[in-house]
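Okay, so here's the structure we're looking at.
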Amino acid sequence: MNSFSYSRARDVAAAVDEVALPERQAKFIAGGTNLLDLMKENVMHPRHLVDITHLELNTIEDTLEGGLRLGALVTNADTAYHEQVDTRYPLLSKAILAGASPQLRNMATNGGNLMQRTRCYYFYDTATPCNKREPGTGCSAIRGFNRIHAILGTSEHCIATHPSDMCVALAALEAKVHVRGPHGDRAIPFADFHRLPGDTPELDNNLQPDELITAIELPPQGFADHHSYLKLRDRTSYAFALVSVAAALELDGDTIREARLALGGVAHKPWRDPEAEALLIGKSATRESFQLAAEKILQGAKGFPYNEFKIELARRAIVRAFEQALTNEK
Amino acid sequence: MATTHYIGQPTSRVDGRAKVTGQAKYAAEFNAPGLLHGVVVSSAIAKGKITHLDANEALQLEGVLQVFSHQNRPDLAWLDLSYKDMTAPGGSPFRPFYDEKILFNQQPVALVVAETFELARYAATLVRVQYESEEPTTSLEANLDDLYTPVSFKLGYQKPKSRGDFKAAFDQATTRIESEYYHGAEHHNPMEMHASTVFYEENGSLTIYDKTQGVLNSQHYVSMVFGLSKKNVRVLSPFVGGAFGSGLRPQYQLFMAVLAALELKRSVKVVLTRQQMFSFGHRPVTMQQVAIGATFDGKLEAIRHAAYSETSTFEDYVENIVNWSGMMYSCPNVEQEYKLVQLDMYTPLDMRSPGAATGVHALECAMDELAYKLNIDPLELRLRNYAEEEPSEEKPFSSKALRECYQQGAERFGWANRNPEPRSTKDGTALIGWGMATGMWDAMQMPTRATATLTSDGKLTVGSATADIGTGTYTIMTQIAAEMLGLPLENVTAQLGDSSLPLAFVEGGSATAASVGTAVTYVCEKIQKKLLKLAQAANNSPFAKAKLKDVTFSEGYLRLRSDATVAVSLTELMQQNSINTLEEKATALPKLLKQSKYARNTHSAVFVEVRVDEALGSILVTRVVSAIAAGRILNPKTARSQILGGVVWGISMALEEDTFMDHTYGRFMNHNLAEYHVAVNADIRDIDVIFVEEQDTIASPIGVKGVGEIGLVGVSAAVANAIFHATGKRVRDLPITLDKLL
């Protein structure tokens, strides 16, 4: 094991202070379901770990605005099975339960879910070049085995995907990420949290190294009546998405009043296109409408030799997810 | 054995409690004071040489004892023969640390030995290795120009055998199909990683706990390579956490742990990582061509089966892929071809049902294609070409209840209700399809020895140097011995996985139950004879004139068959004669002359239902019926588990398993269990197993034919055929992932 030091933070302010010392090359650790693997694989080498598991960020509470605030340290399992989440935001529950395994969901935290890193084979294998792991070494996946890679928002430097299911639902629900840094609190709209690879593929998101996620805020609108999380993968459980779709509708009879659509497994971040959603507003909830939205959100999609199929798969999955959303009235 | 108490009963595993309570110890779980830990450094390239290997930084850490590599390897055996284990294919076996050459990716290049595992693992990251890399050649498809016919000898390998005149018959056939099939590389991925714990004894002898399917094979390898007398090398492997062929050959962690122990004169443990489990052998990528010509009413006239597969640059790995096409159906003209390409990878390795899992897949998919072309029910086509005798050798089968398997399997599945039209059954967004296939494997009995010791307290111990790789060997040995001497199961102890026990072959090929079972039967028979003699020695013994066939052993008593009330307790018998222990050894040799007159095989009929999402291509196998003809079933519970495991693997092989080679690096990239997909619980629904028992004392004296492999053979073809029936799409590449159905 690479040697590292460890400290347990007593409160949020202390945690932020402890991680801020640059010479420490420190990382926060909570569930550790991804970070520990990456350390064992020699992919990440933090010199110091700040254990945040004892911070009081482990509650789920109503917000004044009528939404729900998910503590960063609530486990994925406790979140998915939380009565308020399950009734008001079933899309989120379903997305969480489509990911990982029960054992992992019992350990993994909400904050950590946002911070999990790509599952690109080359990122994980230090014998191969990877711009995300070692900037400037090149992207092996572009000309290599890229079945699980991105079709949207890629760059010549990186075609990795963000592996989370939970984040796809959070993107669709327009959650906010609350963070605390040395200069205080700020809230990051979910769409701005994760990044596209561009020419800095080593950065997964816009959280600063000395900032700590404290909570995820869900707005009041939960789309409990019409939603679907559809995940397509290479086995029925315990596999990352080839394509996943979070679809949500607010209907007035047959007419769509509001629509949300986010894709997983296709980009470096949960993929949304407000224009695709806008196309649906005022339209009837029909296959034709859903096909239009699918075409729009997939505009500019570019496949690689082994993942070309994802474009058509995503197109069909979007239509299916909206169709499922129509019929899941509570 | 007309009536039995134990044989044929669904006895739970005798080692089950030890396993679920953690008492059963595996190779990596043995410890000793001062045990050292070795961590292997694997090469980052597939071809070239090491130009520089610098271990100084690692060696400077306190607690790091040594870093072994080609630079400081002691002199070891130099003949290839010394490195050849009992299951090695032809060629020059890989020698760890032999020189600076890199022959395959993840080749072990150094072993770091330290006081703790954590330290060794950290120090391994500090070993600086520089390479001069050459472009590796790892793609079978891209190198078909380099195909050659292997001349390799390997245990169990049979050269393909053509008969008749395929070309003429094919040209004249009224109905013809020609198809190409492909499957990617697969890795065994047993739950337990390969590990060796070597105890260095004070007198310099070694006691080794090794993950292996054959302790004698590991003992042989260690003694030959390191020039040690076999009496100074004891190999134990009491429990094996799955192997599936990966434990047939001694793997490099054994070499490394022994090397370090001998050099440092300390006990050493080496455990491979999951990633390293992808570094020493796999089911090889294979391209197959099958052409079948038939008469208009479905009589096979001509079969051609060719397989092109991969091997390493140093050994010719061979398996029986195409042979099955000459054995399964009655057909006068058969042409077979089997060729290899040498690539920059480790030698492939037998993996459950080697050759048959893939060769029968291609043949049975082709048969389905032919059935559709002929407009004949796939099952009916097989019945019309039923081989009453084995056609390649023209010998009768020792037994073959395949027809009964077809009949019982079809009935249980409801095959008669099948609408043959593809895409004819829908349920919502799903297309439902039914497919079937035949399976076939060998029934083998290997020479095996066993011991038995009966003590005067009525406890019996039987032993043989075989393995229980999770299959239930302990249990069937116990059942047979308990049956033979009429003792309660709890009074019988089975011993195995110890090179100090009498000879048994490597556990493989589904031969263990027949081989070890017969040896245990024989040795218990010897004990029976001794007991009868003791009984006869008494004054006025009621057994005086009895022969062995006139007596029975039950509930701890020796009894007259004609009058069960005439009985003597075994314990009393021994105590009266002041005998504390009765000990016997027996050798069970297959009756080769008798066996050679027959073909000896197991058979199966597999029926599968799939649900395929019409728009999204996702596939779920909802129902499987597997009807098995494998002679006598010693234990329907453990045998059923074997078949269930085979069916699960067949589903996994059909839909999921694939190790991706990046040909630029010559490296398998999805080398972990998150990205190498094996079927999980959610993939598996109803599996129904039928055993059609056969009376067959030719295959083995105890009537057993073995069930380890047959459960897998044919399953992937039945799945692929069901997918065709559901969707009308014939996918000829495995695995059948959803993108192939879009």
Side-chain angles (χ1 to χ4, degrees), chain A residues 1-4 34 37 39-42 45 100-101 104 119-129 138 140-141 143-148 163 230-240 242-243 245 287 303 306-321 323-324 327, chain B residues 42-46 61 105-106 116-126 273 275 429 613-621 651-652 655-665 667-685 735 737-742:
Chain A
M1 192 64 161
N2 297 309
S3 53
F4 59 89
N34 194 207
D37 278 355
M39 289 169 70
K40 286 190 232 172
E41 300 284 335
N42 257 312
H45 312 92
S101 63
L104 286 165
R119 307 303 297 204
C120 172
Y121 320 115
Y122 301 93
F123 175 70
Y124 262 77
D125 188 336
T126 55
T128 61
S140 299
R143 54 109 215 97
F145 193 80
N146 41 40
R147 177 177 178 79
I148 59 172
L230 176 61
K231 180 176 181 181
L232 298 165
R233 44 182 154 178
D234 277 332
R235 66 178 161 196
T236 313
S237 179
Y238 196 56
F240 293 93
L242 292 166
V243 168
V245 184
R287 177 171 291 200
Y306 291 94
N307 75 355
E308 191 77 43
F309 72 92
K310 280 192 177 184
I311 301 173
E312 180 58 27
L313 183 65
R315 190 174 283 133
R316 297 181 188 193
I318 291 165
V319 173
R320 174 70 61 79
E323 286 176 346
Q324 287 179 350
T327 57
Chain B
S42 306
S43 94
I45 67 162
L61 293 173
N105 217 318
Q106 285 208 71
T116 67
F117 166 68
E118 289 78 8
L119 183 61
R121 183 167 62 175
Y122 173 57
T125 67
L126 302 179
T273 64
Q275 285 73 6
T429 55
D613 190 293
E614 188 176 4
L616 305 173
S618 49
I619 304 160
L620 188 65
V621 175
I651 294 169
S652 196
L655 304 180
E656 297 175 3
E657 295 195 39
D658 196 3
T659 328
F660 322 128
M661 172 72 82
D662 182 312
H663 295 303
T664 305
Y665 305 127
R667 189 172 176 90
F668 290 120
M669 290 313 302
N670 55 332
H671 45 47
N672 59 66
L673 288 179
E675 302 301 338
Y676 180 93
H677 297 126
V678 298
V680 293
N681 201 35
D683 292 311
I684 304 303
R685 303 297 155 101
T737 46
L738 56 77
D739 46 301
K740 294 175 184 169
L741 292 173
L742 288 181

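Residue numbering restarts at 1 for every chain, and letters A, B, ... go by the order of the sequence lines. These numbers were taken from a predicted model, which means no experiment stands behind them.
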Identify the heavy atoms of [X] and [Y] that sit nearest to each other, and give their distance.
X: B:His677; Y: A:Ala239; answer: NE2-CB, 3.9 Å
X: A:Phe309; Y: B:Leu738; answer: CE1-CD1, 4.2 Å
X: B:Val680; Y: A:Ser237; answer: CG2-O, 3.6 Å

| query | Above 12 or not: heavy atoms from other molecules or residues under 6.0 Å from CZ of B:Arg685? | reply |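 More than 12 within 6.0 Å, yes.
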| If you count heavy-atom pairs under 4.5 Å between each of B:Asn670, B:Leu673, B:Thr429 and chain A, which one has the most? |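 It is B:Thr429.
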| query | Most heavy-atom pairs under 4.5 angstrom with chain A, which of B:Ala615, B:Ala44, B:Ser42? | reply |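 Looking at each of B:Ala615, B:Ala44, B:Ser42 in turn, B:Ala615 comes out on top.
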Given heavy-atom pairs under 4.5 angstrom as the criterion, report whether the side chain, backbone, both or neither of [X] touches chain B.
X: A:Pro129; value: both
X: A:Asp234; value: both
X: A:Thr126; value: neither
X: A:Tyr306; value: neither
X: A:Arg320; value: side chain

| By a 4.5 Å heavy-atom criterion (distance strictly below it), what part of B:Glu657 contacts chain A: side chain, backbone, both, or neither? |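 B:Glu657 has no heavy atom closer than 4.5 Å to chain A.
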| said: Under 4.5 Å from any heavy atom of chain A, what part of B:Ile45 do you find: side chain, backbone, both or neither? | reply: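 Contact with chain A: none, neither part.
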| When you check the side-chain N and O atoms of A:Thr128 and B:Arg667, is any donor under 3.5 Å from an acceptor? |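 Looking only at side-chain atoms, B:Arg667 and A:Thr128 do not form any donor-acceptor pair under 3.5 Å.
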To the nearest 0.5 Å, what is the distance between [atom1] ([X]) and [atom2] ([Y])?
X: A:Thr236; Y: B:Leu655; atom1: OG1; atom2: CG; answer: 8.5 Å
X: A:Tyr238; Y: B:Asp683; atom1: OH; atom2: CG; answer: 14.0 Å
X: B:Asn672; Y: A:Arg119; atom1: CG; atom2: CZ; answer: 7.0 Å
X: A:Tyr124; Y: B:His671; atom1: OH; atom2: NE2; answer: 11.5 Å
X: A:Cys120; Y: B:Met669; atom1: SG; atom2: CE; answer: 7.5 Å
X: A:Arg316; Y: B:Asp613; atom1: CZ; atom2: CG; answer: 9.5 Å

Is there side-chain contact between [X] and [Y], with at least one heavy-atom pair below 4.5 Å?
X: A:Leu313; Y: B:Asp739; answer: no
X: A:Leu230; Y: B:Leu616; answer: yes
X: A:Arg147; Y: B:Thr737; answer: yes
X: B:Gln275; Y: A:Glu41; answer: yes
X: A:Arg143; Y: B:Asp662; answer: yes

| task | Could you tell me whether A:Tyr121 and B:Phe660 have their ring centroids closer than 6.0 angstrom? | result |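 Yes; B:Phe660 has its ring centre under 6.0 Å from that of A:Tyr121.
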| Pairs of heavy atoms under 4.5 Å with chain B: top-ranked of A:Ile148, A:Val243, A:Asp125 |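 If we count pairs closer than 4.5 Å to chain B, A:Asp125 comes out on top.
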